[in-house]
Protein chains: 2
Amino acid sequence: MAEKQLTLNLDVRSGLPIYTQIVNQIQSQLVNGILKPGDQLPTVRALAQELRVNFNTVARAYRILDEERIISTQQGRGTYITEIPPPEVSAKLRYESLAALTQRFINEAYRLGFSGREVSQMVRDNLKSMKDAAVNDSE
Amino acid sequence: MAEKQLTLNLDVRSGLPIYTQIVNQIQSQLVNGILKPGDQLPTVRALAQELRVNFNTVARAYRILDEERIISTQQGRGTYITEIPPPEVSAKLRYESLAALTQRFINEAYRLGFSGREVSQMVRDNLKSMKDAAVNDSE
DNA sequence: CCTTTTATTGTACTAATTGTATCATTGTAA
DNA sequence: TTACAATGATACAATTAGTACAATAAAAGG
C-alpha cells in the first residue's frame, strides 16, 4: 500500500485560495483520523493532476503544512504525515509565543466577523474533539 | 470552457453611471438565469476592454456586487457568481471557516508543546483583554 | 556487490494573470 | 466657481503557472 486516495473537494467560489483549501482539508482529515501519522501523501504532481491545478500550488500547500510540522516533505522521496510533533521550545519563550499565536488567531477570527463568544465556543469544541480522538487512538 | 461571453449593453444616455449599469445588468442576468452560481465572470480587464471602459470601473461594479455577496472576487484568480445560500447554509459555511481557523491555531499551539488547558486559558485571557480595551476605547 | 544511469520527487525562482488601493482628471450640478 | 461623483492612470499585492534544478531512490551494467 503506497498512499491513500486523499479525496479533496475544491470550491472556486469559496473565496479561499486553492492552496489554503488543500491545507485546511488535509489538516481536517488528520484531525478526523482519515489520515494518520506515517501516511504517505500523493506527490505534488499526482495530487495536482487529480485536482487539475498546477503542481506548485500543491507544493505551496505542502510547504505550509511542513512549516506547521504536520507533514514532512523530503525532496526525492515524498511527503508523509509527521510521526511525532517534536520541537523543543525554550521555556522562556513558550508563554510569549502562545500569546502571539493566540492574538493572531483571535484577530483573524474577529476580522472574519466572529464574536468572542463564538470563538471561545469553537476553541472548546475543538479541544474536546481532539481529546476524544486521542482517547480513541490509544485503544 | 472558461467563462461566458456576458454581453452587456451600456447606454451613455441613460444617465446611470457605467458601474451601476454593469451592476444592474449582472444582477438581472442572474435573476433571469443567464448567469448561474459558479459561473466565472470575465476579468476586470477583459470586460473593460470589451465595454471600452477603464478596468477600474468594472472593478468598482464587481466590488459592489461582491459586497452584496452576489459574486466572489478573488485577487489573482478571478470572479465567480456565488451561491445565494439559504441562511442555514451560510451559517454552516461560517461555522466551518471558523472551525478550520481554530483547528490550525490549536494544531500550531500543540506543535509548540502547549496543553489544551494552557490554550483555553490563553484564549480566555486574550478575549478578556480585548473586551477591556474596547470598553476603554468607548470612553 | 559496486558504480553509473535514469526516473521520481520536492525546491527555487520567475513570469503571467488577476483583483486592489490610491490618487489624478473630468464632467456636471449647485 | 466650487464641490462632488464618475472615471482613468498607475503602482501594487495575491495567486497560480512555467521552467530549470537538486536530492533521493531505483534500475541497469559491469
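Below, read A as the first sequence line, B as the second, and so on, with proteins coming before strands; counting in each chain starts at 1. Quick caveat: nothing in here was measured; it's all calculated off a predicted structure.
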### Task
Just do the side chain to side chain contact (heavy atoms under 4.5 Å, CB included) check on Leu30(B) and Ile70(B) with the steps written out, would you?
CA-CA 9 Å; Leu30(B) 179 58; Ile70(B) 291 173; 3.7 Å; yes

Integer-rounded Å distance: [N] [atom2] and [X] [atom1]:
| X | N | atom1 | atom2 | value |
| --- | --- | --- | --- | --- |
| Gln74(A) | dT8(C) | CD | P | 19 Å |
| Gln75(B) | dT20(C) | CD | P | 6 Å |
| Tyr62(B) | dT17(C) | OH | C1' | 14 Å |
| Arg52(B) | dT7(D) | CZ | P | 17 Å |
| Leu51(B) | dG8(D) | CG | P | 11 Å |
| Asp66(A) | dT9(C) | CG | P | 17 Å |
| Ile22(A) | dG10(C) | CD1 | P | 13 Å |

Return no unless some side-chain N or O of [X] is found under 4.0 Å from OP1 or OP2 of [N].
| X | N | result |
| --- | --- | --- |
| Tyr19(A) | dT16(D) | no |
| Thr79(B) | dT18(C) | no |
| Arg77(B) | dT15(D) | no |
| Thr73(B) | dT20(C) | yes |

### Task
Would you mind classifying the nucleic acid contact of Phe55(B) as base, sugar-phosphate or nothing, using non-hydrogen atoms under 4.0 angstrom?
base

### Message
Regarding Arg63(A), tell me which of base, sugar-phosphate or nothing describes its non-hydrogen contacts under 4.0 Å with the strands shown.
### Response
nothing

### Query
Considering only dG10(C), dT7(D), dA17(D), which nucleotide approaches the side chain of Asn54(A) most closely?
dA17(D)

#### Entry: Side-chain donor/acceptor of Asn32(B) to backbone N/O of Ile34(B), under 3.5 Å
no

### Query
So, Asn126(A) side chain and Met122(A) main chain: donor-acceptor pair closer than 3.5 Å or not?
no

### Message
Can you confirm whether the side chains of Ser72(A) and Gln74(A) place a donor and an acceptor under 3.5 Å from each other?
### Response
yes

### Query
Taking N and O atoms by type only, does the side chain of Arg45(A) place a donor or acceptor under 3.5 Å from a partner on the base of dG10(C)?
yes

### Query
How far apart are the closest heavy atoms of Arg104(B) and Thr20(A), and which atoms are they?
NH1-CG2, 4.2 Å

### Task
Please figure out whether Gly76(B) or Thr57(B) has its closest DNA chain D nucleotide nearer the 5' end.
Thr57(B)

### Query
Taking for each residue the nucleotide of DNA chain D with the nearest heavy atom, is it Val53(A) or Asn56(B) whose nucleotide lies nearer the 5' end?
Asn56(B)

